[in-house]
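Just so you know, these numbers come straight off a predicted model, no measurement behind them.
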Amino acid sequence: MSTIKKRNIAVLGPQDFTGITLKKPADYAAGLPAVKVAIQHAFKEMGVVKSFRALSQMNQKDGFDCPGCAWPDPEKPSKLGEYCENGVKAIAEEATNSKVDRNFFAKYSVEELSRWSDYQIGKSGRLLEPMILKPDSVYYEPIAWDEAYRLIAEELHKLKSPDEAIFYTSGRSSNEAAFLYGLFVRAFGTNNMPDCSNMCHESSGVALKETLGIGKGSVKLEDFDQAQVVIVMGQNPGTNHPRMLSALQKCKENGGKIISINPLEEAGLIRFKNPQEIKGVLASGTSLTDIHLQVKINQDVPLLKLIIKKLAALDKERRNVFDHEFITTYTNGYEELLKDLDQYTEEELLEWSGVSQDQVDKAVQLLVDHNNIIICWAMGLTQHKNGVQNIKECVNFLLLKGSLGKPGAGTCPVRGHSNVQGDRTVGIMHHVSPSLNTAIENTFGFTPPDKEGLDTVHAIQAMHDKKAKVFVALGGNFLSAASDTEYTGRALQNCDLTVSVSTKLNRTHLVTGKTALILPTLGRSELDIREGSPRFFTVENSMGKVHQSKGLLQPASEHLKSEPEIVGEIANAYFKEDHPVRWRSLSQDYNLIREKIELVIKGFEDLNKKSKGSGFYLPNNVRDLDFSKLPGQKAQFSICQLPKHNIAENEFVLMTIRSHDQFNTTIYGLDDRYRGIYNERRVVFMNSKDMAKYSLKKLEIVNLVSLYDNTKRKANNFLVIPYNIPQGNLASYFPETNVLVPFNHFADKSNTPISKSIVVTIEKV
């Protein structure tokens with residue numbers, strides 16, 4: 001029996017600087033610089049021939065879906081390239097020519113690799129064959145696929161209860177893989193299925209389901225063409241969802257207006273130079289934002305209340321500002337909402353928000369006569385203690401204006417990963433759905449568990465407390481994505497076995513359980529062939545449209561397996577044919593999986609046929625103005641409280657943000673071109689008046705400290721950058737500052753970490 005070796009692992013990685021260069025922040029997004037950077041990145045990672053081959057088929061109807069964000073494709077994708085700069089970076093990362101083979105793992109121990117930065121780790125290359133880290137070793141070594149499956153099955157059989165296992169899912173997984181994974185986990189006997197939604201848009205799902213009856217947005221891409229006003233809140237589309245800029249451009253060209261609400265004025269919402277148009281290359285491009293409301297961090301509720309209160313006063317005079325016919329026909333709680341507004345004065349709401357009176361009045365005047373309004377948001381609204389209420393206040397506004405269920409209007413939560421919404425749709429969730437359980441039992445002949453499982457934050461706590469002993473991740477970089485990095489690292493290390501199904505090396509492969517497995521899988525862009533025939537899978541975009549995705553590049557290694565194959569073989573090894581589900585057959589034939597999805601999940605009828613070409617939309621009750629499943633069979637107004645942070649004199653509210661050179665936890669490079677930061681990530685953006693108040697100089701080195709429940713958390717070595725951000729607010733990149741986010745402080749109802757409103761102090765070095 002192997003002895004257990006104490007590994008000297010650096011959970012946080014290096015905390016030194018890489019040599020910063022500062023430039024003036026950009027006043028536009030995309031244009032020729034974006035084209036240049038994208039091409040350079042693609043050629044460096046993939047070479048010229050592979051780059052052109054991959055990019056010619058990305059986001060095309062017969063090609064593969066971008067592994068980056070979930071922004072939808074237009075009905076007729078441009079043959080010039082239906083992708084953005086960060087989409088090119090995403091595919092270059094996946095299809096890189098760099099390889100991580102057995103010689104790499106023989107050369108570098110997990111101890112040494114853990115001292116590399118996330119950027120260095122990610123740049124190592126594609127994983128080529130299954131690897132195992134044994135309890136008595138600090139080096140990964142090869143393992144046969146069958147042996148890996150057997151080991152997982154043995155560890156699962158050792159557990160006293162199925163609830164001692166955690167099964168995490170990343171948003172990159174296909175509908176087929178996620179459905180089969182969720183089916184296996186339920187057959188195994190637990191609902192411990194945390195997923196990346198728990199860490200980002202769970203607040204959206206909870207709020208939208210309680211108020212409108214569905215945990216998804218209601219708009220389609222073409223609604224942007226008809227919108228009179230688009231409000232973009234808590235979001236930086238120029239970096240996180242760049243293809244959204246084309247939709248905003250069309251809105252402006254059709255006479256629409258854009259209001260941006262965000263603590264930072266981002267380049268992508270100032271001006272957009274579309275690289276597919278002459279004016280985007282040679283001219284000034286398209287000015288996007290008409291009004292920017294620079295709200296303080298997490299003061300969106302008082303700002304929206306102020307706007308609603310001003311509109312309500314005008315409606316009292318004119319009786320045509322709110323859509324009273326819509327309110328009477330489709331909503332509950334209107335009078336209570338107005339009564340709640342009476343307890344606040346305009347002056348105190350204005351002070352809470354931090355926005356100038358003049359800018360608020362301009363926004364109100366713009367909104368008075370328009371009812372075709374879309375509100376878009378991302379994690380800037382969801383990752384707060386009151387994240388659910390932030391979204392409910394947005395819904396309040398849209399209900400008042402009747403901005404639902406018609407062209408050019410509705411809710412638009414912009415999802416951050418390419419199939420995170422699809423994973424949830426096909427059954428990846430820790431909640432119990434009686435209707436889903438019944439459908440599974442009727443279709444497959446076994447009874448799923450009816451006990452609620454663990455979400456991400458509670459799964460981490462269970463591992464930390466040694467109540468969960470096996471952790472399996474279908475994609476993702478769990479350690480770097482989760483809150484409270486050091487706590488999460490200890491949690492993973494407490495496990496007996498950790499398993500990662502991955503395309504590339506990441507930090508979660510280095511901070512592991514006593515035994516760790518890396519199971520390498522095919523990427524989105526790669527051919528998935530079974531018995532000489534190419535297979536396709538399906539994904540769901542941000543707007544509820546399901547379509548196929550089919551790779552075309554040669555796989556990085558002959559040893560790679562698809563995600564459904566890996567899941568099916570694990571299930572087969574565990575059950576050993578003693579189960580009503582034919583796991584191996586399903587995993588090998590995606591058509592069979594889709595036939596089962598049709599039987600289990602509503603809206604997927606005739607999936608094999610309808611998913612081809614441009615795909616199909618799933619049912620959406622809000623588009624049909626059907627609120628029959630809600631109390632009173634109507635949409636619900638909500639009474640939302642003002643956020644409370646209890647900030648002391650020397651404290652700040654910090655939000656974690658992405659650099660332009662990253663997507664989620666994947667670091668493409670060290671430049672944040674739009675904010676003027678080059679070759680550095682350990683920076684903190686700060687108002688110059690705050691810097692003067694605390695005698696801090698430009699590029700001075702500081703530590704960031706959070707204190708929750710008498711536990712001190714520290715992020716060391718950050719360079720102070722003067723920036724246009726509200727006083728009392730700070731911004732810094734994740735995952736470097738995830739260490740500051742307490743694992744046990746999260747949004748009410750959704751349990752989403754408070755990554756966008758962390759109370760911190762600054763410590764001089």
Participant: Run through Cys412, Cys394, Ser542 and flag the one making a side chain to side chain contact (heavy atoms under 4.5 Å, CB included) with Cys376.
Facilitator: Cys412
Participant: Walk me through it: do Trp377 and Thr382 pass the test side-chain hydrogen bond (donor to acceptor under 3.5 Å, both in side chains)?
Facilitator: CA-CA 8 Å; Trp377 69 86; Thr382 61; over 6 Å; no
Participant: Taking all atoms of both residues into account, what is the closest heavy-atom pair of Ser562 and Asp528, and its distance?
Facilitator: CB-OD2, 3.7 Å
Participant: So, for Asn437 and Asp450, which heavy atoms are closest and what is the spacing to 0.1 Å?
Facilitator: ND2-CA, 4.3 Å
Participant: Could Arg524 and Glu94 be called an ion pair, given the rule that one side-chain N must be under 4.0 Å from one carboxylate O?
Facilitator: no
Participant: Does the distance from a Lys or Arg side-chain N to an Asp or Glu carboxylate O, for Arg594 and Glu176, drop under 4.0 Å?
Facilitator: yes
Participant: Do Lys596's NZ or CZ and the ring of Phe179 fall within the cation-pi criteria of under 6.0 Å and 45°?
Facilitator: no
Participant: Centres of the Tyr590 and Phe536 rings: under 6.0 Å?
Facilitator: no
Participant: Any luck finding a side-chain donor-acceptor pair between Asp626 and Ser628 under 3.5 Å?
Facilitator: yes
Participant: Is there a donor in the side chain of Asp455 and an acceptor in the side chain of Asn751, or the other way round, less than 3.5 Å apart?
Facilitator: yes
Participant: For the CG atom of Asn738 and the CG atom of Asp484, what is their distance to the nearest 0.5 Å?
Facilitator: 9.5 Å
Participant: For the OG1 atom of Thr169 and the CE atom of Met193, what is their distance to the nearest 0.5 Å?
Facilitator: 7.5 Å
Participant: Is any NZ, NE, NH1 or NH2 atom of the basic residue among Glu563 and Arg172 found under 4.0 Å from an Asp or Glu carboxylate oxygen of the other?
Facilitator: yes
Participant: Can you see whether Asn175 engages Asn419 through a side-chain donor-acceptor pair at a distance of less than 3.5 angstrom?
Facilitator: yes
Participant: Indicate whether any N or O donor in one side chain lies under 3.5 Å from an N or O acceptor in the other, for Asp709 and His745.
Facilitator: yes
Participant: Please round to the nearest 0.5 Å and tell me the distance separating atom OH of Tyr149 and atom CD1 of Ile566.
Facilitator: 5.5 Å
Participant: Please tell me whether Phe746 and His458 form a close aromatic pair, meaning their ring centres lie under 6.0 Å apart.
Facilitator: yes
Participant: Identify the heavy atoms of Gly387 and Ala747 that sit nearest to each other, and give their distance.
Facilitator: N-CB, 4.3 Å
Participant: Go through Asn620 and Asp624 one step at a time and tell me if the side-chain hydrogen bond (donor to acceptor under 3.5 Å, both in side chains) criterion holds.
Facilitator: CA-CA 7 Å; Asn620 189 298; Asp624 299 330; over 6 Å; no
Participant: Does a donor on one side chain and an acceptor on the other come within less than 3.5 Å for Ser755 and Thr656?
Facilitator: no
Participant: Between Lys467 and Glu164, is the closest basic N to carboxylate O distance under 4.0 Å?
Facilitator: no
Participant: Let me confirm one number: the CD-NZ distance from Gln383 to Lys756, rounded to the nearest 0.5 Å.
Facilitator: 4.0 Å
Participant: Take Thr508 and Asn477, measure what side-chain hydrogen bond (donor to acceptor under 3.5 Å, both in side chains) needs, and give me the verdict at the end.
Facilitator: CA-CA 6 Å; Thr508 305; Asn477 181 0; 2.7 Å; yes
Participant: Are the charged groups of Asp496 and Lys469 less than 4.0 angstrom apart, N to O?
Facilitator: no
Participant: Where is the tightest heavy-atom contact between Pro194 and Asn198, given as atom of each residue plus distance?
Facilitator: CA-OD1, 3.3 Å
Participant: Glu540 and salt bridge (Lys or Arg N to Asp or Glu O under 4.0 Å): which single residue from Arg424, Lys216, Lys545 fits?
Facilitator: Lys216
Participant: Shortest non-hydrogen contact from His509 to Lys504?
Facilitator: CE1-O, 3.1 Å
Participant: Give, for atom CG of Asn541 and atom NE2 of His547, the distance between the pair rounded to the nearest 0.5 Å.
Facilitator: 5.5 Å
Participant: Using a distance-only test with no angle check, is there a side-chain donor-acceptor pair under 3.5 angstrom linking Arg507 and Thr665?
Facilitator: no
Participant: Parallel, tilted or perpendicular for Trp583 and Phe575, by the 30°/60° rule?
Facilitator: parallel
Participant: Without hydrogens or angle criteria, can the side chains of His645 and Asn298 be said to hold a donor-acceptor pair below 3.5 Å?
Facilitator: yes
Participant: Aromatic contact between Phe188 and Phe167, with the criterion being ring centroids under 6.0 Å apart: yes or no?
Facilitator: yes
Participant: So Arg713 and Pro742, do their side chains get closer than 4.5 Å, heavy atoms only?
Facilitator: yes
Participant: Tell me yes or no: between the side chains of Thr447 and Glu441, is some donor less than 3.5 Å from an acceptor?
Facilitator: yes
Participant: Could you check whether Lys610 makes a cation-pi contact with Phe616, meaning its NZ or CZ is under 6.0 Å from the centre of the six-membered ring and within 45° of the ring axis?
Facilitator: yes
Participant: Looking at every heavy atom in both Thr190 and Ala165, which two are closest together, and how far apart are they?
Facilitator: CG2-O, 4.5 Å
Participant: Does either side chain, that of Ser502 or that of Ser500, offer a donor lying less than 3.5 Å from an acceptor on the other one?
Facilitator: no
Participant: Hey, is Glu565 close enough to Arg535 for a salt bridge, meaning N to O under 4.0 Å?
Facilitator: yes
